[in-house]
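As structure tokens, the structure follows; a few thoughts come after it.
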Amino acid sequence: MILNMSLIAVFAIAIAIIAILISCSIIWQAKKQIALMSEALADIKAGNGNRRVLAEEHELGASLAFEINEIVISYENKLAILSQADEANRQLMTSLSHDVRTPLTTLIGYLDAVHNGVVTGADQDNYIESARQKAHDLKEYVDMLFDWFRLNSNEFVMDIHLTEAVALTRSILIDWIPILEDKHIGYTFDIPEQPFRVELDPDGYMRIMNNLMQNVVAHSRADKISLTLSEQQGSMKILLTDNGIGIEKEDLEHIFDRLYKCDKGRSSKGSGLGLSIVRQLVEKLNGNITADSKPGNGTSFILQFPLAS
């Protein structure tokens, strides 16, 4: 009996020692993991966003290590987006300084020449007309820039409600007829009689159509354009086509990007914001826009907005 009790005591002591050793091992592993995490976090804090906390799935602190890694990756992605936005804003400001300064300098030059009596008679009239055109170009650019900043601010709100889109489209196009005739551009507008009811912000839709028309007039070098409004599979489809010089394939992929200008084919005049604004507005109205073009064969813009049920 005494022997059995001794064996039990020895066995209990052995188990206790093993338990203590296991506990010490776990504590040591935990301290080691915490030290590694602290080292990794210090490295991340110092700016090394590629650093990760390493851990095996079976380790005690594995779930915490993986969570830390996900947080670091999330913040790195956000920083990358902010960096891209910062670079884009720098490009925008550079473009702004150039695109505003150039017509403004020219405008002042024309007006100074008239004011100082450098030109008279017919030349003076020509200078005044040139100054007027430069002033309109400058206003168009400022309006475009204003739209861009509004779209990308947290305060931008659209008044989307059920709108009769056929009559609205017709009223927009009527204002373009004198401009097209003045520039000797033939036009065909195929607008149906039946109403199309669409959830739209009328001002946003008007800006979309005006930007597209302005893009065609200013850059396509077309002498004919056509616009067709139709219903297609529960959507209102708008097809705007010109017979201009077209767009190169490598440019076509980027025409809706901010500040992108198709310098190789179309006119370099413009802010590079117009089509980017169009795409943003279309998407905010739950629509979509695509473009199709071949050099020498004109360009087509296709817009679709869901019809109200």
Side-chain angles (χ1 to χ4, degrees), residues 144 147 150-151 156-181 183 185-247 249 251-257 262 266 273-294 296-309:
M144 200 77 71
D147 284 343
R150 284 183 63 242
L151 274 170
F156 179 79
V157 178
M158 301 190 80
D159 180 21
I160 300 176
H161 56 269
L162 202 59
T163 304
E164 204 293 278
V166 170
L168 179 57
T169 304
R170 189 179 287 115
S171 68
I172 294 169
L173 294 177
I174 286 174
D175 291 338
W176 278 95
I177 290 176
I179 298 172
L180 296 174
E181 290 180 345
K183 294 183 176 296
I185 299 176
Y187 56 90
T188 302
F189 298 148
D190 186 3
I191 311 294
E193 293 298 326
Q194 71 269 25
F196 288 166
R197 297 175 68 79
V198 184
E199 293 284 347
L200 294 174
D201 172 71
D203 290 338
Y205 181 74
M206 186 177 299
R207 172 55 78 183
I208 289 169
M209 298 303 296
N210 284 335
N211 278 14
L212 286 174
M213 292 293 294
Q214 177 63 30
N215 181 77
V216 172
V217 170
H219 305 301
S220 70
R221 304 179 195 170
D223 59 17
K224 291 181 182 178
I225 68 167
S226 68
L227 186 143
T228 303
L229 193 66
S230 62
E231 179 181 353
Q232 186 178 78
Q233 298 178 346
S235 295
M236 179 180 76
K237 178 182 177 182
I238 302 170
L239 176 63
L240 176 61
T241 302
D242 66 63
N243 69 340
I245 59 176
I247 304 171
K249 182 179 179 180
D251 290 324
L252 190 63
E253 298 174 359
H254 301 285
I255 60 171
F256 296 111
D257 294 348
C262 306
R266 297 154 82 86
L273 295 174
L275 292 181
S276 177
I277 290 172
V278 166
R279 182 179 64 177
Q280 289 188 74
L281 288 171
V282 168
E283 290 175 350
K284 287 181 181 293
L285 293 175
N286 298 315
N288 65 75
I289 181 170
T290 57
D292 185 36
S293 183
K294 291 182 180 179
N297 290 323
T299 302
S300 296
F301 289 97
I302 306 98
L303 297 89
Q304 287 186 308
F305 298 96
L307 290 169
S309 55

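We're numbering straight along the sequence, starting at 1. What's counted below: heavy atoms across the whole structure, side chains too, no hydrogens, waters or symmetry copies.
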Does the side chain to side chain contact (heavy atoms under 4.5 Å, CB included) test come out yes or no for Leu281 and Met158, once each step is laid out? CA-CA 9 Å; Leu281 288 171; Met158 301 190 80; 4.0 Å; yes
Using the side chain to side chain contact (heavy atoms under 4.5 Å, CB included) rule, take Asp223 and Ile185 through it: C-alpha gap first, then chi angles, then the decisive distance, then the call. CA-CA 4 Å; Asp223 59 17; Ile185 299 176; 5.6 Å; no
Quiz: residues 191-213 side-chain donor-acceptor pairs under 3.5 angstrom, not counting sequence neighbours:
from	atom 1	to	atom 2	distance (Å)
Glu199	OE1	Leu162	N	3.4
Asp201	OD1	Asp159	N	3.0
Asp201	OD2	Gly204	N	2.6
Tyr205	OH	Thr169	OG1	2.6
Arg207	NE	Asp147	OD2	2.6
Arg207	NH1	Asn211	OD1	3.1
Arg207	NH2	Asp147	OD2	3.0
Asn210	OD1	Trp176	NE1	2.8
Asn210	ND2	Met206	O	3.3
Asn211	ND2	Gly274	O	3.3

When you compare the side chain of [Y] with that of [X], does any pair of heavy atoms fall below 4.5 Å?
{"X": "Ser226", "Y": "Asp190", "value": "no"}
{"X": "Ile160", "Y": "Lys284", "value": "no"}
{"X": "Asn215", "Y": "Phe301", "value": "yes"}

Roughly how far apart are [X] [atom1] and [Y] [atom2], rounded to 0.5 Å?
{"X": "Thr163", "Y": "Leu285", "atom1": "OG1", "atom2": "CG", "answer": "9.0 Å"}
{"X": "Thr241", "Y": "Lys224", "atom1": "OG1", "atom2": "NZ", "answer": "13.5 Å"}
{"X": "Gln304", "Y": "Leu239", "atom1": "CD", "atom2": "CG", "answer": "10.5 Å"}
{"X": "Ile177", "Y": "Tyr187", "atom1": "CD1", "atom2": "OH", "answer": "4.0 Å"}

Consider side-chain contact (heavy atoms from CB on, under 4.5 Å). Of Leu227, Val216, Val217, which one does Asp242 pass it with? Val216
May I ask you to decide if Ser235's main-chain N or O and Gln233's side chain share a donor-acceptor pair within less than 3.5 Å? no
